[in-house]
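The structure displayed is predicted, hence computed values, not measured ones.
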Amino acid sequence: MARPASATTRSPKDNRLLAALPEETYDDLLPYLQPLAMPLGLSVYESGGAQGYVYFPTTAIVSLLFVLKDGESAEIAITGNEGLVGIALFMGGETTPSRAVVQSAGEGYRLSASVLKKEFERGGPLQHLLLRYTQALITQMTQTAVCNRHHAVDQQLCRWLLLSVDRLPSNRLVMTQELIANMLGVRREGVTEAAGKLQTEGLIEYSRGKITIMDRPGLEARVCECYAVVKKEYDRLLPFSAKGLADVSA
């Protein structure tokens, strides 16, 4: 269960989707946005479970996972301060076969399903923005499937690292190799080897579950094309300002 956040949560506008809303729409939602602490491992929702809220991370990152019957899992997408968790609520599905788990601890806000649905069904800027976000998220899911099928583990790790730090205020992640292996759906030994290669090349520094990006340009040169495809689509679809939203809505 997510719990109320401490006073370190500054503003809902630390989430770029909320920041992109026109002031009138944002002000309508503000009284209903509840700050939350989102600790590592928190299950935001489970496969097939009822979803009473949507979540807008500010400093946390949430991993969307598909879990098999034998307990094995693989990540299909991540969401951080660029988006929200719980698209099934406004897409008409109500539930989803995936589960959502916090992979990088932080904070965020939640909004009740009833408030979101009411505002979404009115149409206008919120509906337009959420549909564009959903298209970008589908692109990430599709590209993740392609990447996991066709690219080497070290390239997958580069993609995952870049997508993660894009959603964090710093270039450091706290993440064990076992957890990364679960996210990528590969063996831990594969992640150990891949991380070792990147560290030898001076691209990352890895110690005791802490990964620091040391050479971002080098990491971008090393990654497969999947990262650029996803980033380009997010940048194209999501103008992270109210003015940008008005421009693309015109």
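The two residues L65 and S63 have their closest heavy-atom pair at CD2-OG, 3.4 Å. L237 and R132 make their closest contact through O-NE, 2.6 Å (heavy atoms, listed as atom of the first residue, atom of the second, distance). Pairing each heavy atom of C147 with each of C226, the nearest pair is CB-SG, 3.5 Å. For the pair L64 and A100, the tightest heavy-atom approach, listed with the atom from each and the gap, is CD2-CB, 3.8 Å. M141 and A77 get closest at one heavy-atom pair: CG-CB, 3.9 Å. Smallest separation of non-hydrogen atoms from P57 and A60: CB-O, 3.4 Å.
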Please list every donor-acceptor pair under 3.5 Å in which a side-chain atom of residues 24-35 meets a protein atom from a residue at least two apart or in another chain.
residue: Q34; atom: OE1; partner: R110; partner atom: NE; Å: 2.7
residue: Q34; atom: OE1; partner: R110; partner atom: NH2; Å: 3.1

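Atoms CD and CG, from Q140 and L163 in turn, are 5.5 Å apart once rounded to the nearest 0.5 Å. Atoms CG and NE2, from L130 and H128 in turn, are 10.5 Å apart once rounded to the nearest 0.5 Å. Summarising the geometry, atom CD belonging to E107 is positioned 5.0 Å from atom OG1 belonging to T59; distances are rounded to the nearest 0.5 Å. Atom CG of residue L157 and atom NE2 of residue H151 lie 14.5 Å apart, to the nearest 0.5 angstrom. Interatomic distance, CD of E233 versus OG1 of T142, reported as 10.0 Å (0.5 Å rounding). Here the straight-line distance linking atom OH of Y109 with atom OG of S11 works out to 6.0 Å at 0.5 Å rounding.
In this structure, the side chains of Y227 and Q143 stay at 4.5 Å or more apart for every pair of heavy atoms. Inter-residue side-chain proximity for L173 and L168 is flagged as met; some heavy-atom pair is nearer than 4.5 Å. Residues L84 and Y133 have side chains in contact (heavy-atom distance under 4.5 Å, counting atoms from C-beta outward). Considering only heavy atoms from C-beta on, R216 stays 4.5 Å or farther from N171 through its side chain. Residues S98 and I76 are in side-chain contact: their nearest non-hydrogen atoms beyond the backbone lie under 4.5 Å apart. Here the side chains of I211 and E205 are not in contact, with every heavy-atom distance at 4.5 Å or above. For the pair Y45 and L89, the minimum side-chain heavy-atom distance is 4.5 Å or more. For the pair D14/N81, no side-chain contact is recorded, criterion being any heavy-atom separation below 4.5 Å from C-beta on.
Note: F120 and F90 meet the aromatic proximity criterion, with ring centroids under 6.0 Å apart.
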Would you sort out whether S47 and R99 count as a side chain to side chain donor-acceptor pair (under 3.5 Å), showing the intermediate values? CA-CA 5 Å; S47 172; R99 68 190 298 250; over 6 Å; no
For a side chain to side chain contact (heavy atoms under 4.5 Å, CB included) check, start with the C-alpha distance between L40 and S104, then their side-chain angles and the critical distance, and finish with the verdict. CA-CA 6 Å; L40 179 66; S104 181; 5.9 Å; no
After noting the C-alpha distance and the side-chain angles of R159 and N148, does the key distance pass the side chain to side chain contact (heavy atoms under 4.5 Å, CB included) rule? CA-CA 10 Å; R159 170 185 56 81; N148 290 350; 3.2 Å; yes
Go through the steps for L137 and Y234 under the test side chain to side chain contact (heavy atoms under 4.5 Å, CB included), then give the verdict. CA-CA 8 Å; L137 184 65; Y234 272 79; 3.7 Å; yes
Checking side chain to side chain contact (heavy atoms under 4.5 Å, CB included) for the pair L161/L219: CA distance, chi angles, key distance, verdict? CA-CA 9 Å; L161 288 172; L219 204 63; 4.2 Å; yes
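Transitive grouping of hydrophobic side chains (ILVMFWY, heavy atoms separated by less than 4.5 Å) keeps M214 and V223 in distinct clusters. M91 and V62 end up in the same hydrophobic cluster when Ile, Leu, Val, Met, Phe, Trp and Tyr side chains are linked at under 4.5 Å. In the hydrophobic clustering of this structure, V229 does not group with L162; members are Ile, Leu, Val, Met, Phe, Trp, Tyr whose side-chain heavy atoms approach within less than 4.5 Å, directly or through other members.
Within 6.0 Å of the NZ atom in K232, the count of heavy atoms belonging to other residues, nucleotides or ligands does not exceed 12. A 6.0 Å sphere centred on NZ of K210 holds no more than 12 heavy atoms belonging to other residues, nucleotides or ligands.
Checked against side-chain hydrogen bond (donor to acceptor under 3.5 Å, both in side chains), E119 has the following partners two or more places apart in sequence or in another chain: R122. For the side-chain hydrogen bond (donor to acceptor under 3.5 Å, both in side chains) test, residues two or more places apart in sequence or in another chain that qualify with R222 are D154, E201.
Side-chain atoms of Y55 and N15 include no donor-acceptor pair closer than 3.5 Å.
A donor-acceptor distance shorter than 3.5 angstrom exists from the side chain of Q199 to the backbone of Y206, with no hydrogens or angles considered.
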